[in-house]
J.: 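Questions regarding the structure given below will be posed in turn.
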Amino acid sequence: MERSGSQKFLLVISIINIVFAVLGILAGIMGVLGGAVFGAADPQEVASTVAETGVTQGEASGLVVGVFLLVLLASAVELVVGILGVRAANDNQKIMPVWVLAIIDVILYVVGLVIVIVNGDFSSQGVSYILSLAFAILLFWVANNIKQQAGK
């Protein structure tokens, strides 16, 4: 069976998704561990890091862990979307899980972007979240095209 242009594009996007999901999972694990280490560190050594911010060491540690747990969750969803996308690129009748998870991916990146903006980290992380959100929207658009072609 010949793949449509959307299915070929989905295959490329899915493979890219898998690669970045694995990298995101590794970064998320390192971030969670880093936040946990920060929370367990000697308070005197950490004092200069949180000095005059009005944030306690525990709150800062919790925030770091929370953000990286969101990265882990988004990366896990991306990995599943990538794997299911490769499957749907071969059979357009299997597009519904990709379509649903693409919506979830978009929502997670919007939430992540809001958190980054609220925390004032936009200059360091904002571009990454915007690119990831754009990629998730692109994935949703392609999945929606395939869904319409499949008649679902």
Side-chain angles (χ1 to χ4, degrees), residues 5-89 94-148:
S6 293
Q7 285 176 290
K8 290 175 185 175
F9 195 59
L10 178 63
L11 182 62
V12 171
I13 289 174
S14 297
I15 291 169
I16 292 170
N17 242 5
I18 291 169
V19 170
F20 282 111
V22 169
L23 294 174
I25 288 170
L26 293 175
I29 290 169
M30 289 189 298
V32 168
L33 293 175
V37 168
F38 183 75
D42 182 18
Q44 301 227 339
E45 294 176 16
V46 177
S48 64
T49 306
V50 293
E52 299 179 22
T53 62
V55 177
T56 67
Q57 178 181 352
E59 291 170 338
S61 174
L63 184 62
V64 169
V65 169
V67 167
F68 280 102
L69 283 174
L70 185 61
V71 168
L72 274 173
L73 178 62
S75 296
V77 170
E78 266 188 61
L79 182 62
V80 171
V81 168
I83 292 168
L84 293 175
V86 169
R87 186 180 78 152
K94 297 179 179 180
I95 196 63
M96 282 307 289
V98 176
W99 186 79
V100 170
L101 289 173
I103 292 171
I104 292 170
D105 213 15
V106 168
I107 292 168
L108 286 173
Y109 280 114
V110 167
V111 169
L113 185 59
V114 168
I115 289 172
V116 165
I117 291 170
V118 168
N119 289 333
D121 292 336
F122 187 79
S123 62
S124 63
Q125 298 174 350
V127 174
S128 173
Y129 273 92
I130 289 173
L131 291 175
S132 297
L133 177 59
F135 195 77
I137 290 170
L138 181 64
L139 176 68
F140 172 75
W141 177 71
V142 170
N144 199 46
N145 284 345
I146 294 171
K147 180 178 164 260
Q148 290 174 352

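Just so it is clear, the model here is predicted, and its values are computed rather than measured.
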J.: Give every donor-acceptor pair under 3.5 Å between a side-chain atom in residues 75-83 and any protein atom, sequence neighbours left out.
T.:
residue, atom, partner, partner atom, Å
S75, OG, V71, O, 2.9
E78, OE2, Y109, OH, 2.0

J.: What's the spacing between L138 CG and L131 CG if we round to 0.5 Å?
T.: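 So the CG of L138 and the CG of L131 are separated by 12.0 Å.
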
J.: How close do A143 and V98 get, heavy atom to heavy atom, and via which atoms?
T.: CB-CG1, 4.1 Å

J.: Closest approach of D105 and A74, non-hydrogen atoms and distance?
T.: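 Heavy atoms of D105 and A74 come nearest at OD1-O, 4.0 Å.
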
J.: Quick check on side chain to side chain contact (heavy atoms under 4.5 Å, CB included): which of I107, V106, L108 does I104 satisfy it with?
T.: L108

J.: For a side chain to side chain contact (heavy atoms under 4.5 Å, CB included) check, start with the C-alpha distance between Q7 and I146, then their side-chain angles and the critical distance, and finish with the verdict.
T.: CA-CA 7 Å; Q7 285 176 290; I146 294 171; 3.9 Å; yes

J.: Taking side chain to side chain donor-acceptor pair (under 3.5 Å) as the cut-off, I'd like each qualifying pair that reaches into residues 63-73, sequence neighbours left out, listed once.
T.: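 Pairs touching residues 63-73 that pass the test: none.
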
J.: Out of curiosity, F68 CZ to L72 CG, how far, rounded to the nearest 0.5 Å?
T.: 9.5 Å

J.: What residues form a ring-ring contact (aromatic ring centres under 6.0 Å, His included) with F140, not counting sequence neighbours?
T.: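 Per chain and number, F140 pairs via ring-ring contact (aromatic ring centres under 6.0 Å, His included) with W99.
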
J.: With sequence neighbours excluded, tell me which residues meet side-chain contact (heavy atoms from CB on, under 4.5 Å) with I115.
T.: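 Only V67, L70, V111, N119 meet the side-chain contact (heavy atoms from CB on, under 4.5 Å) criterion with I115.
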
J.: Identify every side-chain donor-acceptor pair in residues 11-27 under 3.5 Å, counting partners at least two apart or on other chains, and give the distances.
T.:
residue, atom, partner, partner atom, Å
S14, OG, L10, O, 2.7

